[in-house]
Amino acid sequence: MVTRTGSAIVFDWDGTLIDSAPLTSAIWREQLDRYGAHVTNADVEALFGMGWPQAYRWLAERHELPPQEMVAADLRRGRNSQRHRLALFTDTVECLAELRCHGVSLGLATNSDAKRLQADLDAMGLPFDWFGAVACPDARLRAKPAPDLYLDVADQLECVPARSIAIEDTGIGARAAADAGYRVLHLVRGRPDTGPLPSKYPTISGLRARDILARLDQTRLRLQNGGMS
């Protein structure tokens with residue numbers, strides 16, 4: 001019998017549970033145009049999955065920008081003023097609710113800052129306590145692609161990463177989860193990935209609780225049988 005003790009399912013937020021890519025792209029383009037930094041679609045796509053300091057450094061190497069704090073404040077105002085355009089993906093609530101009914105520990109590991117995440121959750125009507133652990137970058141935890149957020153979630157949930165699954169939509173996030181020891185599922189929602197994603201990561205096209213639980217049980221069964229492949 002495969003038990004799920006010590007296991008968890010940990011989700012990314014932007015692009016995984018919430019359909020934020022179109023709004024994020026529009027805000028980045030609008031604000032950067034105001035600074036005279038005319039970016040391409042490829043430039044904007046490259047930012048998906050990055051933590052804020054890394055994204056600013058990437059842009060500042062290519063464009064002349066105001067100080068980091070000013071850019072961050074402008075982007076924050078833009079998102080706050082247009083948050084009504086955000087929406088959860090249609091499969092998010094059903095999947096999370098079903099996983100909770102199965103008693104699976106759920107976590108959230110996101111490069112969004114804590115205030116922005118809380119505002120998004122409130123606007124979407126998604127209860128914060130649906131997740132047993134939440135990790136955002138701060139003075140202690142580095143943003144993805146560092147593994148810090150996923151390791152912190154594992155500590156909070158007291159789960160074993162090798163017995164757990166991380167669901168990510170970007171190569172940056174997948175790398176962070178894999179480096180923390182999780183089994184990764186690459187979620188493809190019809191948007192090109194932001195970087196090369198090795199084929200060893202299985203791909204899913206949507207969030208279906210039954211399929212995710214099956215993957216989780218397969219992972220645990222392999223470990224119980226002494227296999228890591």
Side-chain angles (χ1 to χ4, degrees), residues 4 7-22 24-25 41-42 44-51 54-55 88-96 98-99 104-112 117 131 133-137 142-154 157 159-223 227-229:
R4 295 171 182 151
S7 296
I9 298 170
V10 184
F11 294 88
D12 172 50
W13 178 240
D14 288 289
T16 298
L17 298 180
I18 187 172
D19 187 9
S20 56
T24 298
S25 296
N41 289 333
V44 175
E45 285 289 331
L47 299 173
F48 288 131
M50 289 188 190
Q54 181 186 9
L88 296 173
F89 285 105
T90 56
D91 53 11
T92 293
V93 173
E94 181 179 355
C95 178
L96 293 177
E98 187 171 346
L99 291 174
V104 180
S105 295
L106 303 181
L108 193 61
T110 172
N111 273 350
S112 289
L117 174 63
F131 302 98
V134 175
C136 301
R142 294 173 297 171
K144 306 170 192 175
D148 300 28
L149 301 177
Y150 276 102
L151 292 172
D152 186 69
V153 167
L157 294 177
C159 71
V160 179
R163 299 178 184 174
S164 303
I165 284 179
I167 300 178
E168 280 279 357
D169 71 311
T170 68
I172 288 173
R175 190 174 104 194
D179 286 351
Y182 287 76
R183 292 284 174 163
V184 178
L185 292 182
H186 176 206
L187 176 62
V188 178
R189 289 194 182 275
R191 180 178 63 77
D193 189 22
T194 62
L197 196 65
S199 59
K200 66 180 179 181
Y201 299 130
T203 299
I204 57 175
S205 59
L207 297 178
R208 288 174 287 276
R210 181 177 60 183
D211 295 343
I212 295 170
L213 288 171
R215 297 274 191 174
L216 183 67
D217 291 343
Q218 289 169 9
T219 294
R220 292 192 60 92
L221 185 60
R222 279 196 297 267
L223 292 175
M228 294 296 293
S229 61

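Fair warning: this is a prediction, and the values are worked out from it, not measured in the lab.
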Step-by-step side-chain contact (heavy atoms from CB on, under 4.5 Å) determination, Leu117 to Trp13: CA-CA 8 Å; Leu117 174 63; Trp13 178 240; 3.7 Å; yes
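- Of all non-hydrogen atoms in Leu187 and Ile167, the two that sit nearest each other are CB-CG2, 4.1 Å.
- Side-chain N or O atoms of Asn111 include none that pairs as donor or acceptor with a backbone N or O of Ala143 at under 3.5 Å.
- Looking at every heavy atom in both residues, Ala176 comes nearest to Tyr150 through C-CD1, 4.1 Å.
- Scanning for side chain to side chain donor-acceptor pair (under 3.5 Å) contacts around Asp152 gives Arg140, Gln156, with sequence neighbours left out.
- Closest approach of Leu207 to Asp91, counting heavy atoms only: N-OD2, 2.9 Å.
- A search for side chain to side chain donor-acceptor pair (under 3.5 Å) contacts involving Tyr182 returns nothing, not counting sequence neighbours.
- Under a 3.5 Å cut-off, the side chain of Ser164 and the backbone N or O of Ala8 do form a donor-acceptor pair.
- Proximity of a side-chain donor or acceptor of Arg189 to a complementary backbone N or O of Thr16 within less than 3.5 Å is detected.
- Contacts of Arg208 classified as salt bridge (Lys or Arg N to Asp or Glu O under 4.0 Å), with partners at least two apart in sequence or in another chain: Asp211.
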Step-by-step side-chain contact (heavy atoms from CB on, under 4.5 Å) determination, Thr92 to Phe11: CA-CA 11 Å; Thr92 293; Phe11 294 88; over 6 Å; no
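- Across all non-hydrogen atoms, the minimal contact from Pro145 to Asp179 is O-OD2, 4.5 Å.
- With rounding to the nearest 0.5 angstrom, the OG1 atom of Thr170 is 10.0 Å from the CG atom of Asp14.
- Summarising the geometry of Val184 relative to Pro202, their closest heavy-atom pair is O-CD, 3.2 Å, with the distance given to 0.1 Å.
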Worked verdict on Lys144 versus Glu168 for side-chain contact (heavy atoms from CB on, under 4.5 Å): CA-CA 11 Å; Lys144 306 170 192 175; Glu168 280 279 357; 2.6 Å; yes
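- Between atom CZ of residue Arg4 and atom CG of residue Leu213 there is a gap of 4.5 Å, rounded to the nearest 0.5 Å.
- Of the inter-residue distances, the one linking Tyr201 atom OH with Leu185 atom CG reads 11.5 Å to the nearest 0.5 angstrom.
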side-chain contact (heavy atoms from CB on, under 4.5 Å) assessment of Cys136 paired with Thr110: CA-CA 5 Å; Cys136 301; Thr110 172; 3.8 Å; yes
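- Here the shortest heavy-atom pairing between Ser7 and Leu216 reads CB-CD1, 4.0 Å.
- Atom CZ in Phe131 sits 11.5 Å away from atom CD1 in Ile9 (nearest 0.5 Å).
- Side-chain contact check for Val153 versus Leu157: some heavy-atom pair is nearer than 4.5 Å.
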